[in-house]
Amino acid sequence: LDTPEKVYVNLRKECGLSLKEERPVCAWLVCIKGPRYGKDYRIVFGKNYIGRTDAMDIQIIGDNAIKQENHAILSFDEKDLEATLICTEGGGITYLNGKAVYTPQILETYDVITMGESEFLYIALCGKQFSW
């Protein structure tokens, strides 16, 4: 059995983690092809910058064809409850369901996003039936 001191320390750790994660998940990107096959990435309200460095909201390690910073942006609008895939100037080419993205594109659940050598499935949580 844990001592009261251990329980207290564990509760403090859990509280600290929950305070850090203030922005609830709205959707996920799930890698279905590429070096990070099977890994999921949380999408939160607002802009989610995608790249390889730890400065990015969504850091995709192992696919050197993805730009280090701002390869693309996935923005989740809290009011409209929609996700938009945005290409960035100087970012890499991003594909949505096999077509290059040059203008902002609204995402639907099960859309396939291709960046570098990787493919990601977009899965929404928030929408017409549920939101935080």
Side-chain angles (χ1 to χ4, degrees):
L1 290 172
D2 285 335
T3 65
E5 293 81 19
K6 283 185 180 177
V7 171
Y8 178 72
V9 169
N10 288 336
L11 286 174
R12 283 187 39 206
K13 286 180 186 176
E14 287 179 14
C15 289
L17 287 174
S18 66
L19 290 175
K20 237 179 169 180
E21 297 174 5
E22 293 176 19
R23 297 167 42 178
V25 64
C26 302
W28 295 270
L29 284 182
V30 179
C31 186
I32 57 173
K33 180 182 175 188
R36 303 301 290 173
Y37 173 80
K39 170 112 174 91
D40 66 307
Y41 301 89
R42 294 170 42 116
I43 306 299
V44 296
F45 290 123
K47 291 182 178 178
N48 298 262
Y49 294 87
I50 303 170
R52 292 192 338 258
T53 70
D54 59 1
M56 299 291 95
D57 300 302
I58 299 171
Q59 181 186 18
I60 302 168
I61 299 170
D63 186 340
N64 291 334
I66 293 175
K67 299 285 183 186
Q68 287 192 15
E69 294 192 350
N70 303 329
H71 187 100
I73 300 169
L74 201 156
S75 179
F76 200 100
D77 186 297
E78 190 170 3
K79 181 181 171 201
D80 293 333
L81 299 174
E82 287 183 330
T84 303
L85 182 62
I86 303 166
C87 56
T88 61
E89 286 191 32
I93 296 177
T94 301
Y95 297 88
L96 177 60
N97 299 321
K99 296 187 179 192
V101 174
Y102 297 109
T103 60
Q105 300 293 310
I106 302 293
L107 296 175
E108 301 289 335
T109 294
Y110 298 111
D111 277 346
V112 175
I113 299 167
T114 305
M115 292 178 279
E117 302 297 322
S118 301
E119 288 185 359
F120 303 87
L121 198 61
Y122 172 76
I123 307 291
L125 171 64
C126 294
K128 293 177 184 173
Q129 295 180 334
F130 172 82
S131 184
W132 300 107

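Results of the side-chain contact (heavy atoms from CB on, under 4.5 Å) test with Ile113 over Leu107, Ile32, Ile50 single out Leu107 as the only residue that passes. The side-chain contact (heavy atoms from CB on, under 4.5 Å) with Phe76 is formed by just one residue from the set Thr84, Val44, Leu81; it is Leu81.
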Let me have the donor-acceptor pairs involving side chains of residues 60-75, under 3.5 Å, with sequence neighbours excluded, atom names and distances please.
{"residue": "Asp63", "atom": "OD1", "partner": "Ala65", "partner atom": "N", "Å": "3.0"}
{"residue": "Asp63", "atom": "OD1", "partner": "Glu117", "partner atom": "N", "Å": "3.4"}
{"residue": "Asp63", "atom": "OD2", "partner": "Glu117", "partner atom": "N", "Å": "2.8"}
{"residue": "Asp63", "atom": "OD2", "partner": "Ser118", "partner atom": "N", "Å": "3.0"}
{"residue": "Asp63", "atom": "OD2", "partner": "Ser118", "partner atom": "OG", "Å": "2.6"}
{"residue": "Glu69", "atom": "OE2", "partner": "Thr53", "partner atom": "OG1", "Å": "3.4"}
{"residue": "His71", "atom": "ND1", "partner": "Lys67", "partner atom": "N", "Å": "3.0"}
{"residue": "His71", "atom": "NE2", "partner": "Ile93", "partner atom": "O", "Å": "3.3"}

Identify each donor-acceptor pair in which a side-chain atom of residues 121-131 lies under 3.5 Å from a protein atom, sequence neighbours left out, and give them as a table.
none

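Annotation: the span from Cys31 atom SG to Phe120 atom CZ amounts to 4.5 Å, rounded to 0.5 Å. Considering CG of Leu96 and CE of Met115, their distance stands at 10.5 Å, rounded to 0.5 Å. Atom-to-atom distance recorded for Glu108:CD and Asn97:CG is 10.0 Å, nearest 0.5 angstrom.
One hydrophobic cluster, built from ILVMFWY side chains closer than 4.5 Å, cannot hold both Ile86 and Ile106; they sit in different ones. Met56 and Phe45 are assigned to two separate hydrophobic clusters, defined by single-linkage of ILVMFWY side chains at heavy-atom distances under 4.5 Å. In terms of hydrophobic clustering, with Ile, Leu, Val, Met, Phe, Trp and Tyr side chains grouped at heavy-atom distances under 4.5 Å, Val101 and Ile58 are assigned to a common cluster.
A cation-pi arrangement is present between Lys39 and Tyr41 under the rule of less than 6.0 angstrom and at most 45 degrees off the ring axis.
With sequence neighbours left out, the side chain to side chain donor-acceptor pair (under 3.5 Å) criterion links Gln105 to Thr103. Scanning for side-chain contact (heavy atoms from CB on, under 4.5 Å) contacts around Asp80 gives Asp77, Glu82, with sequence neighbours left out. Residues passing the side chain to side chain donor-acceptor pair (under 3.5 Å) test with Asn48, sequence neighbours excluded: none.
Between the Asp57 side chain and the Tyr49 main chain, a donor and an acceptor come within less than 3.5 Å of each other.
Listed by first then second residue, pairs satisfying ring-ring contact (aromatic ring centres under 6.0 Å, His included) with a partner in residues 81-109 number zero, not counting sequence neighbours.
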